[in-house]
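Side chains included, hydrogens not; waters and symmetry mates left out as well; all remaining heavy atoms used. Naming convention: chains lettered A, B, ... in sequence-line order (proteins, then strands); numbering from 1 in each chain.
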2 protein chains.
Amino acid sequence: MSDGYPIGDVARRLGLSVDALRYYERAGVLPPADRDAGGRRRYAEHDVHLLEVLLHLRDTGMPLAEIATFTGLVRQDPAGVPERLALLRAHREVLTARIAALTRSLGVIDGKIADYDARLTAAAGAPGAR
Amino acid sequence: MSDGYPIGDVARRLGLSVDALRYYERAGVLPPADRDAGGRRRYAEHDVHLLEVLLHLRDTGMPLAEIATFTGLVRQDPAGVPERLALLRAHREVLTARIAALTRSLGVIDGKIADYDARLTAAAGAPGAR
DNA sequence: CTGGCACCTGGAGCGCTCTCCAGGTCAAGC
DNA sequence: GCTTGACCTGGAGAGCGCTCCAGGTGCCAG
């Protein structure tokens with residue numbers, strides 16, 4: 001039955017490199033994968049689900065070291081649930097603050113775009129303007 | 001009249017290190033600052049304004065190399081205005097996409113928080129639940 | 001039996017963005 | 001006149017997140 005997906009399949013499915021996946025395992029971001037008889041990693045569906053969640057954490061700016069902490073808590077299920085919750089709530093705060101900051105910066109950039117646009121249309125509308 | 005602010009003042013005002021400021025100049029992110037008689041950098045108000053805009057670009061994920069391109073265009077004012085506009089518009093697209101992605105990830109994280117919350121209240125509300 | 005391919009390990013290397021350091025100059029205050 | 005502190009330069013070092021490599025194993029197809 002050769003349970004689970006090989007590393008290449010998982011990498012392709014999630015748009016990662018196999019090197020990145022192995023690197024995550026070394027770094028503790030991923031729990032050590034099960035191995036088949038030949039020593040190759042085999043990923044179960046729930047491993048992939050966990051990885052997808054971890055990628056959302058990564059993509060929202062959580063450092064790998066902190067994701068590794070989270071993964072460590074997942075591995076002590078169910079004992080780690082309160083800490084996991086606290087960690088996610090703290091990250092949620094950071095993330096909403098970041099989104100707010102990005103949105104403010106977007107406003108500044110839009111202001112600049114409007115400026116340049118005005119300069120350009122002014123120059124076009126009144127060539128050789130006084 | 002010793003025109004302009006010394007590097008330390010600018011750094012404090014914008015929350016940067018003086019090393020970072022000098023690094024930005026080396027990298028072309030900042031135009032070479034004017035110098036006083038003793039060779040020390042002196043920043044005029046408009047230098048600080050430019051820097052603030054550049055920091056918004058940096059904070060929204062634009063790589064320093066690209067910011068340096070932008071700065072180069074600023075230095076050829078007014079010739080560089082159309083390219084600056086194009087560059088900002090392109091960055092604006094990237095940025096809105098990033099904000100959207102972060103918002104989606106926030107939703108996933110909120111879902112996880114809700115899950116854990118439910119597990120915790122279930123465990124508390126029905127200790128030794130069947 | 002021979003390729004070829006996906007996988008393995010340990011470790012080196014890389015791109016980015018700073019940060020720190022040694023060694024030196026200069027102006028102001030005591 | 002001497003110390004102190006902010007500034008200068010060029011260059012090395014650091015942390016993060018991968019990416020690449022050499023050298024090797026095991027399985028399947030032809």
Side-chain angles (χ1 to χ4, degrees), chain A residues 1-44 47-48 51 54-71 91 94 98 101 105, chain B residues 1-44 47-48 51 54-71 91 94 98 101 105:
Chain A
M1 55 192 269
S2 106
D3 248 352
Y5 309 104
I7 194 169
D9 285 10
V10 175
R12 267 184 299 278
R13 176 164 154 192
L14 299 184
L16 297 168
S17 69
V18 298
D19 275 319
L21 239 23
R22 287 193 283 241
Y23 169 72
Y24 289 161
E25 187 174 315
R26 282 194 227 187
V29 165
L30 286 181
D34 287 346
R35 302 300 181 109
D36 68 11
R40 283 84 171 274
R41 274 167 268 252
R42 288 290 163 174
Y43 294 89
D47 291 326
V48 179
L51 181 49
L54 299 180
L55 290 179
H56 280 291
L57 296 179
R58 184 200 64 170
D59 290 346
T60 52
M62 186 183 286
L64 294 190
E66 197 174 339
I67 302 179
T69 300
F70 182 81
T71 300
H91 183 60
V94 172
R98 276 175 24 85
S105 288
Chain B
M1 53 195 271
S2 106
D3 248 353
Y5 309 104
I7 193 169
D9 284 10
V10 176
R12 269 185 297 279
R13 179 164 153 193
L14 300 184
L16 298 169
S17 69
V18 299
D19 274 321
L21 238 22
R22 286 194 283 242
Y23 169 73
Y24 288 163
E25 187 174 315
R26 282 194 228 187
V29 165
L30 286 181
D34 287 345
R35 302 301 182 108
D36 68 11
R40 283 83 172 274
R41 274 167 268 251
R42 290 287 162 175
Y43 294 89
D47 291 327
V48 179
L51 181 48
L54 299 180
L55 290 179
H56 280 291
L57 296 180
R58 183 200 63 171
D59 291 346
T60 52
M62 186 183 287
L64 294 191
E66 197 174 339
I67 302 179
T69 300
F70 181 80
T71 299
H91 183 59
V94 172
R98 276 175 25 87
S105 288

Determine all donor-acceptor pairs shorter than 3.5 Å in which one atom belongs to a side chain in residues 59-67 of chain A; sequence neighbours excluded.
| unit_1 | atom_1 | unit_2 | atom_2 | d |
| --- | --- | --- | --- | --- |
| A:Thr60 | OG1 | A:His56 | O | 2.8 |
| A:Thr60 | OG1 | A:Leu57 | O | 2.9 |
| A:Thr60 | OG1 | A:His91 | NE2 | 2.7 |

Residue list, side-chain contact (heavy atoms from CB on, under 4.5 Å) with A:Ala44, at least two apart or on another chain: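 For A:Ala44, the residues satisfying side-chain contact (heavy atoms from CB on, under 4.5 Å) (neighbours in sequence not counted) are A:His46, A:Asp47.
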
Just to verify, what does B:Arg40 make a side-chain contact (heavy atoms from CB on, under 4.5 Å) with, not counting sequence neighbours? B:Asp36

Between [X] and [Y], what is the shortest heavy-atom contact and its length?
X	Y	result
A:Ile7	A:Val18	CD1-O, 3.8 Å
A:Val29	A:Thr71	O-OG1, 2.6 Å
A:Ala27	A:Ala68	O-CB, 3.7 Å
B:Pro6	B:Tyr43	C-CD1, 4.4 Å
A:Ser17	A:Ala11	C-CB, 4.0 Å

Enumerate the residues from residues 6-15 of chain A whose closest heavy atom to DNA chain C is under 4.0 Å, giving them by residue number; use none for an empty result. A:Pro6, A:Ile7, A:Gly8

Which residues in residues 23-32 of chain A have at least one heavy atom lying under 4.0 Å from any atom of DNA chain C? A:Arg26

Could you tell me whether A:Arg41 contacts a base, only the sugar-phosphate backbone, or nothing, with contacts defined as non-hydrogen atoms closer than 4.0 Å?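 Contact class for A:Arg41: sugar-phosphate only.
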
B:Arg35 side chain reached by B:Arg42 side chain, heavy atoms, under 4.5 Å: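 No; the side chains remain at least 4.5 Å from each other.
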
Take B:Pro63 and B:Arg22, find for each the nucleotide of DNA chain C with the closest heavy atom, and name the residue whose nucleotide sits nearer the 5' end. B:Pro63

Using the rule given for side chain to side chain contact (heavy atoms under 4.5 Å, CB included), can you reason through A:Leu55 versus A:Leu16, listing the C-alpha separation, both sets of side-chain angles and the distance that settles it, and then say yes or no? CA-CA 10 Å; A:Leu55 290 179; A:Leu16 297 168; 4.1 Å; yes

Let me know the distance between CD of B:Glu66 and C1' of C:dC16, rounded to the nearest Å.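 Rounded to the whole Å, the gap is 14 Å.
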
How many Å lie between CG on B:Leu21 and P on C:dC18, as a whole number? 11 Å

Distance-only side-chain donor-acceptor flag, A:Arg58 / A:Tyr24, under 3.5 Å: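 Side chains of A:Arg58 and A:Tyr24: pair found under 3.5 Å.
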
If you pin A:Asp19 and B:Arg40 to their nearest nucleotides in DNA chain D, which one's is more 5'?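 The residue whose closest nucleotide sits nearer the 5' end is B:Arg40.
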
Outermost nucleotides of DNA chain D that come under 4.0 Å of a non-hydrogen atom of chain B: D:dA6 to D:dG11

